[in-house]
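Convention: sequence-line order gives letters A, B, ...; per-chain numbering from 1. Here the structure is a predicted model, which is why all the values come from computation and not from measurement.
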Amino acid sequence: MSADDQNAQEAVTFADLGLSPKVLAAVTDAGYTTPTPIQAGAIPHAVQGKDVLGIAQTGTGKTAAFVLPMITRIEKGRARARMPRTLILEPTRELAAQVEENFIKYGKNHRLNIALLIGGVSFDEQEKKLERGADVLIATPGRMLDHFERGKLLLTGVEILVIDEADRMLDMGFIPDIERICKLIPFTRQTLFFSATMPPEITKLTEQFLQAPVRVEVSKAASTGVNITQRLVKSGNKGWDKREALRNLMREEDATLKNAIIFCNRKVDVSELFRSLVRHGFDAGALHGDMDQRARMAMLAGFRDGKLRYLVASDVAARGLDIPDVSHVFNFDVPIHAEDYVHRIGRTGRAGRLGKSFTIVTKSDAKYLDAIEKVTGNKIEWHDGDLSTVVQSEGEDDAPRRGRGAPKRGSRKEESGRPRRARASEKPIRNPVADVVEEAVMQHPAPTAPAETQSPPPAQKVRREEIRSQNARRKDAPVERPEPRPAEERATANTHRGRRKPDDMADGTVGFGDDMPDFMKVAVKV
DNA sequence: AAAAAAC
């Protein structure tokens, strides 16, 4: 490449990409002048209506790479009732909500009707938005198909289809849904397709559903960024050992720790660790897929706004979520799949900043650790001596005061499942923010119960009856759940489900009155 | 040894 070419490339600005003046103005207002490689590569083609195959990780500016040209292209024209003009499919609810935020930010000079169709929230409002005519429809596949089957949605008017995070959709078993949806949309559409990797199934999908796509590939972010300091931390096998190791680490790092995500492999452990950290006075929140949708939103908002310094999370938070400025990532568990390690620690050290990651390792993690070191291609240093120096703690798991014989896996969780009131005398919770949040996460009777729960439309009522009869044997089985849930999982569920009246929890913050932090109120609007 | 996603 000549020096001139290089200069020319450096000189690329958003103004050179063919975006409309109104979109450009919004981009400028947001403070951006220079597009990222994926944006510079994809936008010029996308604004011309071409199909694009974008191969890019999250954190590369991928979302704006489709949002900006889409707004440009739908400037003219209006949506008709139940016939959205564009459809964006996302694998998780949070990602979908995040894309909506992007449309709001960059569409501020337009009058866009945006509809967000995700599970876990009421159908009513979503239907209203569809009825009004959506310029932009953002959805997770399940809820979208649900609306479609109810006849609330016609896909024949879709001009632009976006499939985001295709490889993750594959992991999650969404590909049949995606194929079905693709077939429902006219062939004359424009398709923008994004995936971080291109396994054979995904390649097949692109061959089937893209027409002469422009392929834009941005250099794979070095599997683990050089600006992330990675360390391993030894620990005994027990949950108790690991939690103590984590707390020590958190205290050690306190001076330089701005905020941190703490990953667990399992949802139960997210809940348990969250409760434990709160009891120890850390202002932590929690995020996993079994939580009430309102609480998920509230947690994320609280963490982003800096109201919560720690977020204990499952891998729902490992990819794609845009949480800027995370200074630390802690792996409470070694991830079972090596790629997850890369994604998790990739939540720190973004945009060239420095980041730190610590992974708590026990003797039984050896093989997973090997896999990680193989994938990332480097040996990770031990923080403070390796596993050979670990002292295993004695005793029956981490509930020593419970009688012998009792601790089946479920009963061990009793402590975390017990109502908070009973615990209050043991250890005062010193953290009001997390305390409020705990109410929201662990007891998820949506105070303004989703409308469909109160008056399900006939079709759904029938389905519910089926489920109810399936569960007839189990008196306490939640009707929404076809499968009986294991005891330990119930630690995350609402123990009062079905027993409390909505009036008892007018605003969902039982017993906290005026102490509800602002971010909770904001997030609750969903 | 997992998580996620419709009800």
Review point. Should the ring pair A/Phe358 and A/His328 be called parallel, tilted or perpendicular, given that the plane angle runs from 0 to 90° and is split at 30 and 60?
Key: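 Parallel.
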Check your understanding: For A/Ser314 and B/dA4, is the shortest distance between a side-chain N/O and OP1 or OP2 below 4.0 Å?
Key -> yes
Review point. OP1, OP2 of B/dA6 versus side-chain N and O of A/Arg150: anything below 4.0 Å?
Key: no
Practice item. Give A/Asp340 one of three labels, base, sugar-phosphate or nothing, depending on what nucleic acid heavy atoms sit under 4.0 Å from its own. Key: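 Since a base atom lies under 4.0 Å of A/Asp340, the category is base.
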Practice item. Determine the contact category for A/Arg93: base if any of its heavy atoms lies under 4.0 Å from a base atom, sugar-phosphate if only primed atoms, P, OP1 or OP2 are that close, otherwise nothing. Key: sugar-phosphate
Study note, to complete from the structure: With sequence neighbours left out, the residues meeting side chain to side chain contact (heavy atoms under 4.5 Å, CB included) with A/Asp315 are A/Phe263, A/Ala318, A/Asp340, A/Arg344
Review point. Is any NZ, NE, NH1 or NH2 atom of the basic residue among A/Arg180 and A/Asp177 found under 4.0 Å from an Asp or Glu carboxylate oxygen of the other?
Key: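 Here A/Arg180 does not pair with A/Asp177 in a salt bridge, since their nearest N and O are not under 4.0 Å apart.
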If I take atom [atom1] in residue [X] and atom [atom2] in nucleotide [N], what distance separates them, rounded to the nearest angstrom?
| X | N | atom1 | atom2 | result |
| --- | --- | --- | --- | --- |
| A/Met172 | B/dA3 | CE | P | 13 Å |
| A/Asp290 | B/dA3 | CG | P | 8 Å |
| A/Phe263 | B/dA2 | CZ | P | 18 Å |
| A/Leu287 | B/dA5 | CG | C1' | 15 Å |

Donor-acceptor pairs under 3.5 angstrom involving side-chain atoms of residues 84-95 of chain A: please list them, not counting sequence neighbours.
| unit_1 | atom_1 | unit_2 | atom_2 | d |
| --- | --- | --- | --- | --- |
| A/Arg85 | NE | A/Glu159 | OE2 | 3.1 |
| A/Arg85 | NH1 | A/Ile74 | O | 3.0 |
| A/Arg85 | NH1 | A/Gly77 | O | 3.1 |
| A/Arg85 | NH1 | A/Asp135 | OD1 | 3.4 |
| A/Arg85 | NH2 | A/Lys76 | O | 2.7 |
| A/Thr86 | OG1 | A/Asp135 | O | 2.8 |
| A/Thr92 | OG1 | A/Leu95 | N | 3.3 |
| A/Arg93 | NE | A/Gly119 | O | 3.4 |
| A/Arg93 | NH1 | A/Gln293 | OE1 | 2.9 |
| A/Glu94 | OE1 | A/Arg296 | NH2 | 2.6 |
| A/Glu94 | OE2 | A/Arg296 | NE | 2.8 |
| A/Glu94 | OE2 | A/Arg296 | NH2 | 3.4 |

Check your understanding: Taking for each residue the nucleotide of DNA chain B with the nearest heavy atom, is it A/Asn265 or A/Arg296 whose nucleotide lies nearer the 5' end?
Key ->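 Its nearest nucleotide lies further toward 5', so the answer is A/Asn265.
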